[in-house]
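Data block below; observations after.
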Protein chains: 2
Amino acid sequence: MASIASDGGDESDARTALLDATQRLMLSEGYAAVTSRRVAAEAGVNPGLVYYYFGPMDELFLEVFRRSAARSLERQAEALASEQPLWALWDLIRDQTNTALNVEFLALGNHRKAVMAEMKEFSLRFRRLQFEGLSTILAAYGVDTSQWPPEAVMLLMDAAARFMGEERSYGLNLGHSHTITVVERLIGQLEGKRRTRGRRRAR
Amino acid sequence: MASIASDGGDESDARTALLDATQRLMLSEGYAAVTSRRVAAEAGVNPGLVYYYFGPMDELFLEVFRRSAARSLERQAEALASEQPLWALWDLIRDQTNTALNVEFLALGNHRKAVMAEMKEFSLRFRRLQFEGLSTILAAYGVDTSQWPPEAVMLLMDAAARFMGEERSYGLNLGHSHTITVVERLIGQLEGKRRTRGRRRAR
DNA sequence: GTCTATAGCTGGATAGAC
DNA sequence: GTCTATCCAGCTATAGAC
């Protein structure tokens, strides 16, 4: 009933199954659906194990967040170092899983202080890396960064991607194709045609 | 203990107090904090009245959503009809209250089917009005709408505004000032300097 | 319209057997 | 490490007195 192995290596099966189940439940039914009993059932383990591995529920959420955050940092570093960093970043931030999970954490942070603190800390690190990476890239493309500072370019791209992701999550996609066309035209003007398909399976 | 009068006129005091309390609680502690007992205490009325006025809790959330949606439609119509519609729209969508409430409804919709359906329906109406309004406006300003379709312009503006609102809600504002400068420079190029301050007190 | 009381349920968290 | 049993709190929703 438990999964065979985690790719990390030395996590216990039950622990990993609980983390996976939590993420799955948050995505499919929202964070409020994550109760100790429900998540244990979804993971196929005993409810008592939630408290054995994580203590209070807060810590379970935090661990899911940290795991997902670490993955995002890795993927972002790859994107920034790739051949076509703007295309790679754009594809990355458009990933549906991250977006949907983000909405849940955003709302969760609203009434769990510890979660909010962790989100803020992570986002700061994440953004600083984006800004550093983008300044080099835009400078190399000859962009006038006094008119288009990397901070603004990055935020606009990110905002567009995540916002459309949020809308799509409740079935709305009015105007999305027009917006994607515009953004991709601008990226294309700086970086040429997309050569590799950066989109990949989520998770 | 109940508020004196609603501006609409003929709503009962207790009913209005419950709607206000629900919105307040959603903003301060998240939708999960809205329970019949809690919201009644916040409104200063008896918990039984929640069920008397709204039936099941879903309906309470829906009424708050409808009320806020109606207000948004009005304000948007005003903005589109104003002297400087781009500035007015930008100021409107940057309103913090709407953004934060939106995150809550987004997450709430994830596990309350009725809420999600209502959100989708409203958003469709809302966007269609935006697109219609903006096409006239951009055409009047001589914008090349094959390069910059109103749908894309609107979504990019909206995405930027709401995204920054979301980040601000957990204390993050890295790069926001740069982004605001860029957006406002672009608006200024089309519409000239902002003449009236469109920002107003929320609610 | 407002309040009390309560049925019935679900959840967080722990103690302790195995 | 895993599982059972259980305490206690808090919640939705309704019935019925006033």
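Bear in mind the structure is a predicted one, so any value in this text is a computation, not a measurement. Labels below follow one simple rule: chain letters A, B, ... track the order of the sequence lines, proteins then strands, and each chain is numbered from 1.
Residues A:Y141 and A:P85 have side chains in contact (heavy-atom distance under 4.5 Å, counting atoms from C-beta outward). At least one side-chain heavy atom of B:R75 sits under 4.5 Å from a side-chain heavy atom of B:N98.
Whole-Å rounding puts the A:F61 CZ to C:dG11 P distance at 12 Å. We find that CZ of A:R37 is positioned 14 Å from P of C:dT14, with the value rounded to whole Å.
Contacts between residues 49-60 of chain B and DNA chain D, defined by a heavy-atom separation below 4.0 Å, involve B:Y51, B:P56, B:M57, listed by number. DNA chain C is contacted by A:T35, A:S36 of residues 27-36 of chain A, taking any non-hydrogen atom closer than 4.0 Å.
With respect to A:E167 and B:R162, no salt bridge is recorded, no charged nitrogen being found less than 4.0 Å from a carboxylate O.
The main-chain N or O of B:R195 is found under 3.5 Å from a side-chain atom of B:Q84 such that the two form a donor-acceptor pair. Of the possible donor and acceptor atoms, one in the side chain of B:S72 sits under 3.5 Å from a partner among the backbone N and O of B:S68.
Aromatic ring orientation, B:Y31 versus A:Y31: tilted (interplanar angle from 30° to 60°).
Sorted by first and then second residue, the ring-ring contact (aromatic ring centres under 6.0 Å, His included) pairs involving residues 164-183 of chain A (not counting sequence neighbours) form an empty list.
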Please step through salt bridge (charged side-chain N to carboxylate O under 4.0 Å, His left out) for the pair A:R24 and A:D20, ending with a clear verdict.
CA-CA 6 Å; A:R24 229 164 26 238; A:D20 291 343; 5.2 Å; no
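Taking only side-chain nitrogens and oxygens, A:N46 never comes nearer than 4.0 Å to OP1 or OP2 of D:dG1.
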